[in-house]
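Just below is one structure, and these are the notes that go with it.
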There are 2 protein chains.
Amino acid sequence: MQDVAKAAGVSLGTVSNVLNHPAKVSPVTAQRVREAIARLGFVRNDAARSLASGSNDSVGMVLADIENSLFIDMAHGAQEAARAAGLNLLLANTTCDMGLQDDYLDVFDQARVTGMLLAPMEDSSAGIARMRSHGRQIVLLNFSPKPGTCCSVLVNNEHVGYLAARHLIDTGRTRLAYVVAHDDYQPVRERRRGVRAAVEEAGARVTLEEIDSVGLTTAHGHLVGRDLAGRKPGDLPDGLVVVADELANGIIHELHTVAGIGVPDQVAVVGCENNRTAGSAAVPLTAVDLPGRAMGREAMRLLMDEVASGERHRHATVVLEPELIIRSSAPR
Amino acid sequence: MQDVAKAAGVSLGTVSNVLNHPAKVSPVTAQRVREAIARLGFVRNDAARSLASGSNDSVGMVLADIENSLFIDMAHGAQEAARAAGLNLLLANTTCDMGLQDDYLDVFDQARVTGMLLAPMEDSSAGIARMRSHGRQIVLLNFSPKPGTCCSVLVNNEHVGYLAARHLIDTGRTRLAYVVAHDDYQPVRERRRGVRAAVEEAGARVTLEEIDSVGLTTAHGHLVGRDLAGRKPGDLPDGLVVVADELANGIIHELHTVAGIGVPDQVAVVGCENNRTAGSAAVPLTAVDLPGRAMGREAMRLLMDEVASGERHRHATVVLEPELIIRSSAPR
DNA sequence: CTGTTAGCGCCTTCAC
DNA sequence: GTGAAGGCGCTAACAG
């Protein structure tokens, strides 16, 4: 920076000013400085900058599974909001590894980022507490925090289950099943409540069973589908609420394509995520859409609010509503 | 850090040593210091650290399209390799926006990262030159650099086209079409060469036409499919090499599901990416797989090699081979 | 509006 | 092993 100052024939402070407070510098001087910067290929050292200023214009986002389009949508939304606020969004992917997640939280903590966004798969109270004890702001996405520990943005997962089941009931299905696994995963339990609520609301004419799919992948879906296909016709559910889209696609494949059990004719299927793949499956999947993008935006907004209000900030939880997307696997 | 030193009853330098050169400190002292760190919740300021030491243990990866599973795979591969080397991989997504891409290059440049990985969609020579002129190491992924400007990891895209066309020819197809758009996109042109090579190799019995799909989305595929479905039977190609998987899925949907033109019976279709969605489509897509993970790993290796060898480094290009994955849309 | 100066928090010689 | 001192590159007062 000294070199730039010399080259432009000004003092070091002036160079700093054209970089950080352009209004304080006369246009011609500023221009001269900018030219010198360009000519010398000067790049301001951000480490020194944030050390001296104590501020930092990036926010870190830690994502449990970049493979999942919900998380990608959240990243998009957060990025939009960050850019609008003049901040850079840095991403880190943990592939559902809590050790890696902790490492990345620490990386961003050490980097003294302006704030952090965390979209985990499991309970991350420990990491959140650690960040907060260091005074670092963090907002949680898609996971309920311990009450009062941080801001969060959630989707109304109970309503996800409700919408899915309700759609099946409204279209005449009476023998429902909730296909599910990973009860340790928060949304899974919440969606169950919604499914049950819809079934109870419908009265005795509608029954509900629960099918354990063990896992959430397409392969697990194949297993469930095969199992279902082996049942006596009378024992077959006529409507499936499937907790994850991939799982649903697997089931449909086995049922419809392999075993010839018509979807949606004999069995209607509703997914609970509306992943990117939902629409292009063998039988396009009716699914409840999770508003990832809006979640990312809201999280960023909450974070900036927290950063701005300092001491007198109160944690908030924003709950966004899901929306049913009707496709062929469970038509209108 | 001063506080930690006081709490542990040692000097500041000792604390620094337990953090950076544990071997230089007696085990008991080190332990005492570590306890103090934990007790006080001390977090080392990375800005100060990299300012003082001049080093930095993160590498930045700039991705053009996090939506595309190839890029996600590259990120995975790079992350594995980075972790193995004790480095943190920071991700940035540009959504194919060159302005954003330049911004992120600058962000990482200013952060003085150890190195950068760039997977762009368009020619990025300017940005690369800028980074290199600042002495920052950068390796390019999935895009040929101007010769001698940086290291790069590519896939043999000509062979991608060749494998696709060759598979169709080997399974008896004789009227091929290459469905394509975005000729400005490097891989698109290279794949064409491979397709042509395979067709020429087969002699006069195999013909090739080219179909312009205008864009690469599912919607564009629908248009192409409709067009094709409207042709007289004799004019219909019996084998399609489609430059992008989404596009292929769109075509198949329109052909097979809507117009009742059997895939693969009447028309076989091969995709050129093997995206995450390829296997779960209406008709599971035969596609040429791009080895994203290995590309990410290789890129990281190249980067570290460059960082290690300093002055006497020579740029290298690693070309990875694609592999045909056979599914129903063009069976064996 | 410009130039000067005192740190930001840590790392790294260097004597002890 | 340990502790004291100088400096990394920049920002934010402050005095001209």
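In what follows, chains carry the letters A, B, and so on, assigned in the order in which the sequence lines appear, proteins first and then strands, with residues in each chain numbered from 1. Source: prediction; values computed, not measured. Excluded from the calculations below are hydrogen atoms, water molecules and symmetry mates; all remaining heavy atoms, backbone and side chain alike, are included.
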(request) Would you tell me whether Asn275(A) and Ser69(A) have side-chain atoms, one donor and one acceptor, within less than 3.5 Å of each other? (result) yes
(request) May I have the distance from Gln2(A) (atom CD) to dC8(D) (atom C1'), rounded to whole angstrom? (result) 14 Å
(request) For Asp46(A) and dT11(D), give me the distance from atom CG to atom C1', rounded to whole Å. (result) 13 Å
(request) Take the protein atom CG of Asn45(B) and the nucleotide atom P of dC8(C), then report the distance between them rounded to whole Å. (result) 12 Å
(message) Strictly by side chain to side chain donor-acceptor pair (under 3.5 Å), give each pair with a member in residues 38-49 of chain A just once, sequence neighbours left out.
(response) Asn20(A)-Arg49(A), Arg49(A)-Asp57(A)
(request) Ignoring hydrogens and angles, tell me if any N or O in the side chain of Gln79(B) forms a donor-acceptor pair with the backbone of Asn93(A) under 3.5 Å. (result) yes
(request) Find the distance Asp57(B):CG to dC11(C):P and express it as a whole number of Å. (result) 11 Å
(message) At less than 4.0 Å, is any side-chain N or O atom of Arg44(A) found next to OP1 or OP2 of dT11(D)? Yes or no.
(response) yes
(request) Kindly compute the distance separating CD (Glu35(B)) from CD1 (Ile37(B)), expressed to the nearest 0.5 Å. (result) 10.5 Å
(request) Measure from the side-chain N and O atoms of Arg136(A) to the backbone N and O of Val113(A), and report whether any donor-acceptor pair falls under 3.5 Å. (result) yes
(message) Whole angstroms only, please: what is the CD-C1' distance between Gln110(B) and dG9(D)?
(response) 13 Å
(request) Describe the nucleic acid contact of Met1(A) in one word from base, sugar-phosphate, nothing, applying a heavy-atom distance below 4.0 Å. (result) base
(message) What's the separation between atom CD in Gln110(A) and atom OG in Ser50(B), rounded to the nearest 0.5 Å?
(response) 10.5 Å
(request) Send over the distance from Leu51(B) CG to dT11(D) P, rounded to a whole Å. (result) 11 Å
(request) Could you tell me whether the side chains of Asp97(B) and Thr95(B) share a donor-acceptor contact shorter than 3.5 Å? (result) no
(request) First locate atom CG of Asp184(A), then atom CZ of Arg189(A), and finally report the distance between them rounded to the nearest 0.5 Å. (result) 7.5 Å
(message) So if I take residues 31-40 of chain A and measure heavy-atom distances to DNA chain D, which residues fall below 4.0 Å?
(response) none
(request) Respond yes when some side-chain nitrogen or oxygen of Ser50(B) is under 4.0 Å from OP1 or OP2 of dC8(D), and no when none is. (result) no
(message) Short of 4.0 Å, heavy atom to strand atom, which residues of residues 3-26 of chain B count as contacting DNA chain D?
(response) Val10(B), Ser11(B), Thr14(B), Lys24(B), Val25(B), Ser26(B)
(request) Compare all side-chain heavy atoms of Leu302(A) with those of Val318(A) and state whether any distance is below 4.5 angstrom. (result) yes
